[in-house]
Amino acid sequence: MGDNFKYRLEISGSTTNMVSSSLMDTKNEKERDHKKIGKELDLFTFSDLVGSGLPLWTPKGTIIRQELDKFVWDLRSKHDYQRVTIPHITKRNLYETSGHWQKFAEDLFKVTSRDEREYALKPMNCPHHTQIFARKSHSYREMPQRYAETTMVYRDEQSGELNGLTRVLSITQDDSHVFCRMTQIKDEFLKIWDIIDTFYRHFGFTELKVRLSFHDPKTQGKYLGTPEIWRIAEDALREIAKERGADSFEAPGEAALYGPKLDFLATDSIGRQHQVATIQLDLNLPERFDLSCINERGEKERIVMIHSAIMGSLERFTAVLLEHTAGVLPLWLSPVQARILPIAERHNEFAQTIFEKLKIAGVRVEIDSNNEMLSKKIRAGKTEKIPYLIVIGDQEMQPDSKLTIESREGSRYSSKIEYLIDKLVQKISSRDSNLHYTEDIMNVS
Ligand SMILES: [Zn+2]
């Protein structure tokens, strides 16, 4: 997915695309800066030795990446996507065929082998994926073929432009390519659109605006393919957006190198607009790589490609999500879902038994057995936005007594351990998006 320069700027570029900056509370915005939250929650770091623009994801940050990816994958697998895996480098021949070696030259990281052969780090996955499709001939009965892969791509940027997770050199795309017949375009687009709707609604991005990113006929030479091919592709997208009743607008000059796109714009909780998901129609790479299927009449039929990414890039989506939520993630996505706080050393052993029970149930749990005041431990847990802080003292250790739970938003309540575990497991496995659990976790019996 995504190989034109414009697209690159948007996906790995600035998060903010101000809608109405006058309405914005700048203090609020500063508090929500993903770099600040990322540090408080210990999600990612940078090293001078590794280089700027190359984020290193900590164990907690990696949990978030994996959970997000799994969520997208669960939505995709309902529509019969299959995972594929490709190497991160390629011979230059692949990009000469795709046209990227010429049109994308400045952004390519080049690698030379010991015998002077030229390779490149992949700046996109589409050309590699075409070669998986092309490994054999496909009957029309096997179409569409839907490949998905979450993987890093690398694009050279001016080092002065790198910033946090929003502008990076190593970009993780939740990428996919559907290889299908002309007659299947609409269905496949609508399926991806459903995934996008479900995914963004889950996080409270209710208003998705759709930009029809078309080519600019005045600069036809910039693009791959003929005006006729572009007309067919853009008409198809117009029709799909109309049928879907989308809140959409056309933007000439915003297309990818190989075809027009539907770009989705989400408005966050403080009114800023971000480009997030994308679906792109491509009639050109199938020409360049001579991709076809065998149709009902036994003839070779040219196919089309649909590129899509739900999160766009995991780096950018994480930044958008952290700023949208101010770091208050739903339980299922929280790297630490519960932390046990023994008040004194004599409570450690009992705390350990509670820890084991939660861990066995699949809850991501920690114990804070530091020699600190309880109030300090609670403060630390809240700064890290941990959904549940479980306090263990003399009272909680009495037979048949309830646990005391402090939520990150500051309410205190009590629950039997079994009841708490049941509720947590249920909320985690159903990916409950509700952020405030106080009432239904409380054991009223
Ligand atoms: Zn692609």
Side-chain angles (χ1 to χ4, degrees), residues 15 31-45 55 57-78 150 164-166 172-174 195-206 266 268-270 274 276-277 309-339 358-359 361-366 380-390 405 407-409 420-438 440-441:
T15 24
E31 283 301 304
R32 286 169 181 263
D33 186 331
H34 75 275
K35 298 190 284 296
K36 178 176 177 285
I37 297 172
K39 208 172 188 131
E40 285 166 358
L41 272 61
D42 189 24
L43 303 180
F44 51 87
T45 186
W57 293 80
T58 64
K60 286 176 185 168
T62 302
I63 289 171
I64 293 183
R65 288 169 60 95
Q66 287 178 329
E67 290 288 355
L68 286 171
D69 187 47
K70 191 162 179 302
F71 186 22
V72 170
W73 174 244
D74 285 352
L75 298 171
R76 282 206 193 275
S77 47
K78 283 188 189 130
T150 299
L165 292 182
T166 55
T172 315
Q173 294 181 333
D174 61 321
I195 295 172
I196 292 169
D197 269 350
T198 308
F199 184 81
Y200 285 94
R201 221 180 309 121
H202 180 88
F203 294 106
F205 295 105
T206 42
D268 72 13
S269 57
I270 55 170
H274 306 273
V276 284
I310 308 305
M311 291 183 273
S313 95
L314 258 161
E315 287 74 17
R316 223 178 88 76
F317 181 74
T318 303
V320 170
L321 185 64
L322 290 177
E323 298 193 0
H324 173 61
T325 59
V328 181
L329 300 172
L331 181 67
W332 67 270
L333 191 54
S334 296
V336 180
Q337 294 164 322
R339 181 179 285 169
L358 284 160
K359 199 175 160 197
V363 177
R364 292 189 291 263
V365 59
E366 288 180 351
K382 284 182 183 171
T383 305
E384 292 172 52
K385 312 283 196 292
I386 295 171
Y388 297 103
L389 303 170
I390 302 169
I405 299 148
S407 74
R408 58 189 164 191
E409 60 278 7
L420 178 70
I421 287 176
D422 277 359
K423 279 288 175 191
L424 293 187
V425 168
Q426 189 189 320
K427 281 173 177 298
I428 292 165
S429 62
S430 66
R431 289 200 182 96
D432 190 333
S433 62
N434 185 10
L435 299 175
H436 306 287
Y437 309 107
T438 314
D440 53 352
I441 286 286

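As the structure is a prediction and not an experimental result, all values here were calculated from the model.
Aromatic ring pairs are classed by plane angle as parallel below 30°, tilted from 30° to 60° and perpendicular above 60°; the pair F44 and H34 is tilted.
In this structure K70 satisfies the side-chain contact (heavy atoms from CB on, under 4.5 Å) test together with D74, R431, sequence neighbours excluded. Take F317 and apply the ring pair (Phe, Tyr, Trp, His ring centres under 6.0 Å) test, not counting sequence neighbours, and it matches F199, Y200, F203. Checked against side-chain contact (heavy atoms from CB on, under 4.5 Å), S269 has the following partners two or more places apart in sequence or in another chain: R32, H324. With sequence neighbours excluded, no residue satisfies side-chain hydrogen bond (donor to acceptor under 3.5 Å, both in side chains) with Q426. With sequence neighbours left out, T150 forms a side-chain hydrogen bond (donor to acceptor under 3.5 Å, both in side chains) with D69. Under the rule for a side-chain contact (heavy atoms from CB on, under 4.5 Å), the partners of D33 that lie at least two apart in sequence or sit in another chain are K35, K36, E323. For R364, the side-chain hydrogen bond (donor to acceptor under 3.5 Å, both in side chains) test picks out E67, with sequence neighbours left out. Residues forming a salt bridge (Lys or Arg N to Asp or Glu O under 4.0 Å) with K385 (at least two apart in sequence, or on another chain): none. Partners of T198 under the side-chain contact (heavy atoms from CB on, under 4.5 Å) rule, at least two apart in sequence or in another chain, are L75. For K382, the side-chain hydrogen bond (donor to acceptor under 3.5 Å, both in side chains) test picks out E406, with sequence neighbours left out.
Ion pairing between E366 and K359 fails under the 4.0 Å rule for side-chain N and carboxylate O.
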